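Just follow the structure's listing: the first ligand is 1, and inside any ligand the first atom is 1. Just so we're clear, the structure is a prediction, and the values are computed from it rather than from any experiment.
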Amino acid sequence: MNAPESIIWIRQHVIDPEVCIRCNTCEETCPVDAITHDSRNYVVNADICNACMACISPCPTGSIDHWRTVSKKAAYSLQDQFGWDELPPQQEIPDDALAASAQETAAAEGALEGLQVNAATSPSSTMAPWSAAHPYVNLYTLKNPVTATVAGNYRLTGPDTQNDIHHIVLDFGTQFFPVLEGQSIGVIPPGVDANGKPHYLRMYSVASPREGERDGYNNLALTVKRVLEDHQGQAVRGVGSNYLCDLQKGDSVQIAGPFGTDYLMPNQPGSNILMICTGTGSAPMRAMTEHRRRLMAKGQSKGGKLMLFFGARRPEELPYFGPLLKLPPAFIDMHLAFSRVEGQPRAYVQDRIREAGRSVTDLLGGDTYIYICGLKGMETGVMEALRESCSAVGMDWPALHGKMVREGRFHVETY
Ligand SMILES: Cc1cc2nc3c(=O)[nH]c(=O)nc-3n(C[C@H](O)[C@H](O)[C@H](O)COP(=O)(O)OP(=O)(O)OC[C@H]3O[C@@H](n4cnc5c(N)ncnc54)[C@H](O)[C@@H]3O)c2cc1C
Ligand code: SF4
Ligand code: SF4
């Protein structure tokens with residue numbers, strides 16, 4: 001007679017469909033292609049996932065970090081997960097399964113340690129600068145959002161421009177909603193999608209400093225581009241961005257978050273910040289610049305240089321162009337790049353980085369933190385320009401990049 005087959009327990013990696021913003025970051029990150037998606041859900045293939053944890057830190061919402069102990073035979077299939085509107089509860093499990101689960105956790109943590117050692121190969125830091133302030137995250141969720149009131153909404157880009165970018169101020173009144181420069185919030189658009197399901201969260205970077213858009217007020221600003229074309233140039237009406245850009249003063253908005261634990265600014269005296277952005281990628285740069293500007297205005301400046309490379313099609317399409325020009329060069333070393341100005345050659349941020357040459361590499365030699373933000377793909381040209389600039393003065397960019405990644409000094413956020 002055959003012995004009864006023993007049950008193998010696994011810790012199955014699952015994604016919370018209620019919080020996931022479908023940003024594709026985890027799918028791009030997973031080294032073994034265990035993550036896939038359909039038109040609605042991002043899911044993990046239990047047969048492939050080896051719990052290496054590479055996808056955990058890059059996920060902007062934390063929705064990736066969920067696990068269910070299940071018998072291997074009864075693991076949730078991809079089809080099961082595609083059908084989820086929320087995570088299934090953890091089933092009751094026997095004690096021996098818990099022991100197996102603990103062993104897998106230890107194995108996964110071991111894999112994570114290995115990853116940290118190998119972080120030089122990662123393009124972006126997964127840890128915050130050592131002197132960053134403590135961020136609060138996930139205080140509010142899709143199921144338990146906070147209501148903010150629109151305190152202002154105006155167009156930043158010129159009326160004759162194709163790009164409609166708005167500056168939107170949200171007020172939280174007496175409710176606890178602390179944010180740091182570099183964090184994001186989740187906006188919950190009202191209504192349902194084409195399948196009759198509630199819309200998922202849309203993420204927006206906070207464009208104001210920790211003290212509030214208006215110093216001392218419990219409010220924050222967003223920089224939102226109205227999406228009227230998809231990435232392929234096809235006409236589309238983006239749900240979240242159009243909802244936000246159409247809001248009127250006094251309207252209520254449901255918010256989740258804050259999110260983000262690593263794209264944070266350094267606070268130690270003398271730390272330099274090198275910012276490279278395009279379009280709405282300027283939001284976190286505005287927040288960091290404004291925090292330092294206010295410290296300076298209050299006589300509390302801790303020194304350290306600010307350098308900004310900012311690209312847009314035309315000056316009229318560059319958010320915050322007017323206020324930026326008023327900042328003194330002694331406070332911020334600014335390099336603007338325009339790619340569609342009549343009669344002028346097309347210039348991109350990477351061209352300006354190359355032109356700036358020594359002033360960039362001198363900064364890289366010091367206590368400097370790099371922040372890149374904008375459309376997906378922009379980091380390729382930026383990395384090449386940094387490599388070339390370093391190579392021209394005998395600096396080894398790949399080695400420096402790896403060091404900066406490990407030290408929480410190289411941060412990329414593209415969408
Ligand atoms: C961490 C993080 C921070 C972000 N910060 C900001 C920010 O500060 N300001 C901001 O405006 N956006 C920001 N975004 C992007 C934002 O979350 C939304 O993706 C964007 O507003 C489009 O959402 P939507 O609901 O309008 O479009 P959807 O209805 O979700 O999409 C409609 C179509 O447009 C395409 N699409 C999505 N985004 C864009 C885009 N940016 N350009 C062109 N096509 C697009 C989609 O692929 C889809 O085909 C951020 C995203 C992340 C992950
Ligand atoms: S834990 Fe590792 S293998 Fe599993 S989905 Fe995440 S990146 Fe892929
Ligand atoms: S929010 Fe997290 S789980 Fe969802 S697609 Fe983005 S990285 Fe993946």
Engineer: Applying the side-chain hydrogen bond (donor to acceptor under 3.5 Å, both in side chains) criterion to Y42, which one of D16, T36, N24 satisfies it?
Structural biologist: N24

Engineer: Is it true that Y415 and T280 share a donor-acceptor pair across their side chains at a distance under 3.5 Å?
Structural biologist: yes

Engineer: Which atoms of ligand 1 are found less than 4.0 Å from any heavy atom of T223?
Structural biologist: 7 (C), 8 (O), 9 (N), 10 (C), 11 (O)

Engineer: Any idea which protein heavy atom is nearest atom 4 (Fe) of ligand 3, and the distance to it?
Structural biologist: C20 SG, 2.4 Å

Engineer: Taking distance alone, with no angle check, do Y204 and ligand 1 share an N/O pair under 3.5 Å?
Structural biologist: yes

Engineer: Would you say the side chains of R226 and T157 form a donor-acceptor pair under 3.5 Å?
Structural biologist: no

Engineer: Does the distance from a Lys or Arg side-chain N to an Asp or Glu carboxylate O, for E213 and R286, drop under 4.0 Å?
Structural biologist: yes

Engineer: Please report whether ligand 1 has a polar contact with R202, defined as an N or O pair separated by less than 3.5 Å (distance criterion only).
Structural biologist: yes

Engineer: Can you find an N/O atom of L375 closer than 3.5 Å to an N/O atom of ligand 1?
Structural biologist: no

Engineer: Can you confirm whether or not the ring centre of F176 sits under 6.0 Å from the ring centre of Y136?
Structural biologist: yes

Engineer: Any atoms of ligand 3 less than 4.0 Å from a non-hydrogen atom of S63? List them with their elements.
Structural biologist: 1 (S), 2 (Fe), 3 (S), 4 (Fe)

Engineer: Side chain, backbone, both or neither: which applies to S205 and ligand 1 if a contact is any heavy-atom pair less than 4.0 Å apart?
Structural biologist: both

Engineer: Going by the order shown, which atoms of ligand 1 are within less than 4.0 Å of some heavy atom of S184?
Structural biologist: 1 (C)

Engineer: Is the shortest side-chain N to carboxylate O distance from R340 to E317 below 4.0 Å?
Structural biologist: no

Engineer: What protein heavy atom sits nearest atom 3 (S) of ligand 2, and how far off is it?
Structural biologist: N50 OD1, 3.3 Å

Engineer: If I apply the N/O under 3.5 Å rule, does V239 come out as touching ligand 1?
Structural biologist: yes

Engineer: Examine distances only and state if a side-chain atom of H167 and a backbone atom of T223 form a donor-acceptor pair shorter than 3.5 Å.
Structural biologist: no

Engineer: To check your reading of the model: name the closest protein heavy atom to atom 2 (Fe) of ligand 3, its residue, and the distance in Å.
Structural biologist: C59 SG, 2.4 Å

Engineer: With heavy atoms of T61 as the reference, note each atom of ligand 3 found under 4.0 Å away.
Structural biologist: 1 (S), 2 (Fe)

Engineer: For N24, take its heavy atoms, then give the atoms of ligand 3 lying under 4.0 Å from any of them.
Structural biologist: 5 (S)

Engineer: Check the surroundings of atom NZ in K72: do more than 12 heavy atoms from other residues, nucleotides or ligands lie under 6.0 Å from it?
Structural biologist: no

Engineer: State the atoms of ligand 3, each with its element, that fall below the 4.0 Å cut-off from a heavy-atom position in I21.
Structural biologist: 1 (S), 4 (Fe)

Engineer: Are K305 and D333 close enough for a salt bridge, meaning some N to O gap below 4.0 Å?
Structural biologist: no

Engineer: To check your reading of the model: name the closest protein heavy atom to atom 49 (O) of ligand 1, its residue, and the distance in Å.
Structural biologist: D230 CB, 3.5 Å

Engineer: Provide the number and element of each atom of ligand 2 under 4.0 Å from a heavy atom of P31.
Structural biologist: 7 (S)

Engineer: Is it true that the side chains of D80 and S77 contain a donor and an acceptor less than 3.5 Å apart?
Structural biologist: yes

Engineer: By salt bridge (charged side-chain N to carboxylate O under 4.0 Å, His left out), which residues pair with E28, not counting sequence neighbours?
Structural biologist: none

Engineer: Give the residue and atom name of whichever protein heavy atom lies nearest to atom 7 (C) of ligand 1, and the separation in Å to one decimal.
Structural biologist: Y415 OH, 3.4 Å

Engineer: Might you confirm whether atom NZ of K197 has over 12 heavy atoms from other residues, nucleotides or ligands at distances under 6.0 Å?
Structural biologist: yes

Engineer: Atom CD of residue position Q248 - does it have more than 12 heavy atoms of other residues, nucleotides or ligands inside 6.0 Å?
Structural biologist: no

Engineer: Taking only non-hydrogen atoms of E229, do any sit less than 4.0 angstrom from ligand 1?
Structural biologist: yes

Engineer: Taking L308 as the fixed residue, which of I276, L324, T289 is the one that meets the side-chain contact (heavy atoms from CB on, under 4.5 Å) rule?
Structural biologist: L324

Engineer: Do R237 and D246 sit within salt-bridge range, that is, some charged N less than 4.0 Å from a carboxylate O?
Structural biologist: yes

Engineer: Give the residue, atom name and distance (to 0.1 Å) of the protein heavy atom nearest atom 26 (O) of ligand 1.
Structural biologist: S241 OG, 2.5 Å

Engineer: I need the atoms of ligand 1 closer than 4.0 Å to a non-hydrogen atom of I21, numbered in the order shown.
Structural biologist: 53 (C)

Engineer: Strictly under 4.0 Å, does any heavy atom of L222 approach an atom of ligand 1?
Structural biologist: no

Engineer: Quick one: look up the protein heavy atom nearest atom 38 (N) of ligand 1 and list residue, atom name and how far away it is.
Structural biologist: H231 NE2, 3.8 Å

Engineer: Taking N or O atoms only and a 3.5 Å limit, does E413 qualify as a polar contact for ligand 1?
Structural biologist: no

Engineer: For ligand 2, which atoms, with element, lie under 4.0 Å from some heavy atom of V32?
Structural biologist: 3 (S)

Engineer: Salt bridge (charged side-chain N to carboxylate O under 4.0 Å, His left out) with R292: which residues, sequence neighbours excluded?
Structural biologist: none

Engineer: Which protein N, O or S atoms sit under 2.8 Å from atom 6 (Fe) of ligand 2?
Structural biologist: C55 SG

Engineer: What residue and atom, counting heavy atoms only, is the protein's closest point to atom 6 (Fe) of ligand 3, and at what distance?
Structural biologist: C23 SG, 2.3 Å

Engineer: Nearest protein heavy-atom contact for atom 11 (O) of ligand 1: which residue, which atom, what distance?
Structural biologist: K225 N, 2.9 Å

Engineer: Do the rings of Y371 and Y263 sit parallel, tilted or perpendicular, given the 30° and 60° boundaries?
Structural biologist: perpendicular

Engineer: Could you tell me whether R294 atom CZ has more than 12 heavy atoms of other residues or ligands within 6.0 Å of it?
Structural biologist: yes

Engineer: Looking only at protein heavy atoms, identify the closest one to atom 41 (N) of ligand 1 and say how far it is in Å.
Structural biologist: V227 CG2, 4.0 Å

Engineer: M203 versus ligand 1: do any nitrogen or oxygen atoms come within less than 3.5 Å of each other?
Structural biologist: yes

Engineer: Closest non-hydrogen protein atom to atom 27 (O) of ligand 1, residue and atom name please, with distance?
Structural biologist: G238 CA, 3.3 Å

Engineer: Identify the residue among L170, L220, T147, L201 that makes a side-chain contact (heavy atoms from CB on, under 4.5 Å) with I255.
Structural biologist: L170

Engineer: Residues two or more places apart in sequence or in another chain: which of them pass salt bridge (charged side-chain N to carboxylate O under 4.0 Å, His left out) with R210?
Structural biologist: E181

Engineer: Show me which atoms of ligand 3 lie under 4.0 Å from any heavy atom of T25.
Structural biologist: 7 (S)

Engineer: State the atoms of ligand 3, each with its element, that fall below the 4.0 Å cut-off from a heavy-atom position in I15.
Structural biologist: 3 (S)

